[in-house]
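As the structure lists them, so they are numbered: ligands from 1, and atoms in each ligand from 1. All values derive from a computational prediction rather than experimental measurement.
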Amino acid sequence: MNQNKPPSDQLFARPLEQVERFSFDEHVAGVFADMIARSVPGYDLTLTMIGVIAAHFVQEHRRCYDLGCSLGAATLAMRHRIPDSCHIVAVDNSEAMSRRCRENIRQDKAAARVDVLCADIMDIGIDQATMVTFNFTLQFIPAGQRLSVLETIYRGLEPGGVLILSEKIALPGDSEQELFETLHHDFKRTMGYSDLEIAQKRAALDQVLVPDTTDTHKERLHMAGFREVYTWFQCVNFASWLAIK
Ligand code: GEK
């Protein structure tokens, strides 16, 4: 990744007459590194652990996927920890994201081959995968399609292959939901966002990012076929699971 400080996210800083539905357009892609780091508690840790998990599971000549790759942060986390003979397929349906991702990969010096596809996750094939990273992206897939996407991933993994699934989560109880949401907003304030920015971004994401509970995620992973599903991370209303075929 570019070593310079990423452009700072000011997209929701001014009062907007009408808050548009959130999309991963040119404006978002331009500030995305700063946006996600200041919005998702534990995001950097998920990247570090994706590298650690890749180093543990991925051997010579294996294939990895990064679904919803955005600027390629998880792709690079894997690329820096897998053998040079491996191959990563990075997928994002935002033209602005995939173009920037390609550029970030081009500037990176690691050797493993990376193909960046500008495509919908629901349309691609997954084949002979040892590791699939799905870092904060299933939450944007329509609820009715989520199981079928996980089934496609399961079928495309080699036996013993792993899926890392990270998501914003809904909490099962009202008081827990309210507390964790408040703490998440407090985190965003601590990271420099104003109340206006938090409120406008939240309105933009309404019905776009739709979180499920941990129980729903785990049940769905089992329904897709995964035999082992471990929660390796949770920080307030964000969690990540390691699912093994
Ligand atoms: C990271 N994983 O930095 N098909 C392909 N891409 C999609 C789809 C879809 N159906 N829906 C959304 N996206 C990254 C962060 S961001 C998470 C992932 C966030 C893409 C979308 O264009 C965006 O780039 C990404 O998924 C979600 O580790 O913004 O909270």
Checklist entry - Heavy atoms under 4.0 Å from ligand 1: which residues qualify? => result F24, F32, I36, Y43, G68, S70, A73, D92, N93, S94, M97, A119, D120, I121, N135, F136, T137, Q139, F140, I141
Next on the checklist: Assess, by modelled atom type and distance only, whether the side chains of D66 and T133 contain a donor and an acceptor separated by less than 3.5 Å.
Outcome noted: no
Checklist entry - With a 4.0 Å cut-off, would you call R99 and E103 a salt bridge? => result no
Checklist entry - Within a strict 4.5 Å, meaning less than it, do heavy atoms of the H222 and V229 side chains meet? => result yes
Item to check | Test log, rule side-chain contact (heavy atoms from CB on, under 4.5 Å), inputs E158 and Q128 | outcome: CA-CA 6 Å; E158 304 279 12; Q128 295 180 316; 3.5 Å; yes
Checklist entry - Does a side-chain N-to-carboxylate-O contact under 4.0 Å join R38 and E197? => result no
Checklist entry - Is the centre of the F22 ring less than 6.0 Å from the centre of the F24 ring? => result yes
